[in-house]
Novice: 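Quick one: the structure is below, questions incoming.
These figures come from a predicted structure and were not determined experimentally. These values consider heavy atoms only, across backbone and side chains, with no hydrogens, waters or symmetry-generated copies.
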Amino acid sequence: MLVVTTNDIPGYEIRSVYGEVFGLTVRSLRLGAGFTASFRSLGGGEVPEMTKLVAQSRNEAMGRMLHEAHQRGANAVVAMRFDNGEIMQQWTEVCAYGTAVWVVPVTDDAKKQYDYLVKAGQMPHQQHYRTFVQ
């Protein structure tokens with residue numbers, strides 16, 4: 001599935017709009033990691049425990065958004081964005097959202113890309129967004 005942050009996809013024409021789709025996850029840091037992260041933050045610099053949590057959260061949210069888009073029959077998501085927030089200073093909420101659409105390639109380059117993606121059965125650069133959604 002093509003996912004872009006732009007409102008259109010160069011070389012493709014949007015034929016159908018299936019509406020807004022989103023994926024949401026709320027995470028908490030386990031006690032030990034939260035304790036370690038608190039000490040690391042005193043020294044400044046990156047806090048690997050939080051970086052890992054945010055990356056996992058974004059991937060989970062994006063995977064759920066893609067699942068919803070697929071369920072609606074879309075083959076692309078345009079205007080994709082992330083939003084995040086804090087809930088009661090304990091949990092981190094991450095939301096991925098965009099507009100589910102059906103696109104068709106109209107330029108020669110886009111047709112080659114689309115044929116490759118259909119043959120491969122997936123978008124190679126999206127593999128790490130897979131998730132199990134229940």
Novice: Taking all non-hydrogen atoms of both residues, which atom of Phe82 and which atom of Ala96 are closest, and how far apart?
Specialist: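 Shortest heavy-atom separation between Phe82 and Ala96 comes out as CE2-CB, 3.8 Å.
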Novice: Applying side chain to side chain contact (heavy atoms under 4.5 Å, CB included) to Asp109 and Tyr114, what does each step give before you reach the verdict?
Specialist: CA-CA 9 Å; Asp109 288 338; Tyr114 190 81; over 6 Å; no
Novice: Under 3.5 Å, is there a donor on one side chain and an acceptor on the other for Glu68 and Tyr97?
Specialist: no
Novice: Out of the candidates Val106, Asp8, Val101, only one should pair with Glu13 under the side chain to side chain contact (heavy atoms under 4.5 Å, CB included) rule; please name it.
Specialist: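 Testing Glu13 for a side chain to side chain contact (heavy atoms under 4.5 Å, CB included) against Val106, Asp8, Val101 leaves exactly one candidate, Val106.
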Novice: For Phe22, does the CZ atom have more than 12 heavy-atom neighbours from other residues, nucleotides or ligands under 6.0 Å away?
Specialist: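 Incorrect, the count does not exceed 12.
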Novice: On a heavy-atom basis, which atom in Gly11 and which in Ala110 lie closest, and how many Å separate them?
Specialist: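 Residues Gly11 and Ala110, closest heavy atoms: O-CB, 3.1 Å.
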Novice: Does the side chain of Glu93 come within less than 4.5 Å of Glu86's, by heavy atoms?
Specialist: no
Novice: Rounded to the nearest 0.5 Å, what separates atom NZ in Lys112 from atom CG in Asp108?
Specialist: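 Those atoms lie 6.5 Å apart.
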Novice: Linking I/L/V/M/F/W/Y whenever their side-chain heavy atoms sit closer than 4.5 Å, directly or via other members, would Met65 and Leu24 fall into one cluster?
Specialist: no
Novice: With rounding to the nearest 0.5 angstrom, report the CZ to CG distance, Arg64 to Asn59.
Specialist: 12.0 Å
Novice: With Asn84, which of Thr25, Val54, Val94 fulfils side chain to side chain contact (heavy atoms under 4.5 Å, CB included)?
Specialist: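 Checked Thr25, Val54, Val94 against Asn84; only one passes side chain to side chain contact (heavy atoms under 4.5 Å, CB included): Val94.
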Novice: Are Ile9 and Leu2 close enough that some pair of their side-chain heavy atoms sits under 4.5 Å apart?
Specialist: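 Sidechains of Leu2 and Ile9: in contact.
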Novice: Could you tell me which non-hydrogen atom of Gly98 sits nearest to which non-hydrogen atom of Val77, and how far apart they are?
Specialist: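 Answer, listing the atom of Gly98 first, then Val77: CA-CG1, 3.9 Å.
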Novice: Locate the shortest heavy-atom distance separating Ser28 from Leu53; write the atom from each residue and the value.
Specialist: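 That would be O-CD1, 4.3 Å.
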Novice: How close do Met1 and Ala69 get, heavy atom to heavy atom, and via which atoms?
Specialist: SD-CB, 3.8 Å
Novice: Under the criterion side chain to side chain contact (heavy atoms under 4.5 Å, CB included), which of Val78, Val103, Val4 is the partner of Tyr12?
Specialist: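 With Tyr12 as partner, Val78, Val103, Val4 yield a single side chain to side chain contact (heavy atoms under 4.5 Å, CB included), made by Val103.
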Novice: Within the structure provided, determine whether Met62 and Val3 are in side-chain contact (heavy-atom separation under 4.5 Å).
Specialist: yes
Novice: Minimum heavy-atom separation for Trp91 and Val26, please, with both atom names.
Specialist: CB-CG1, 3.5 Å
Novice: Find out whether Arg81 and Thr5 are in side-chain contact, i.e. whether some heavy atom of one side chain is under 4.5 Å from a heavy atom of the other.
Specialist: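 A side-chain contact under 4.5 Å exists here.
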Novice: Salt bridge or not for Glu60 and Arg58, using N-O below 4.0 Å?
Specialist: no
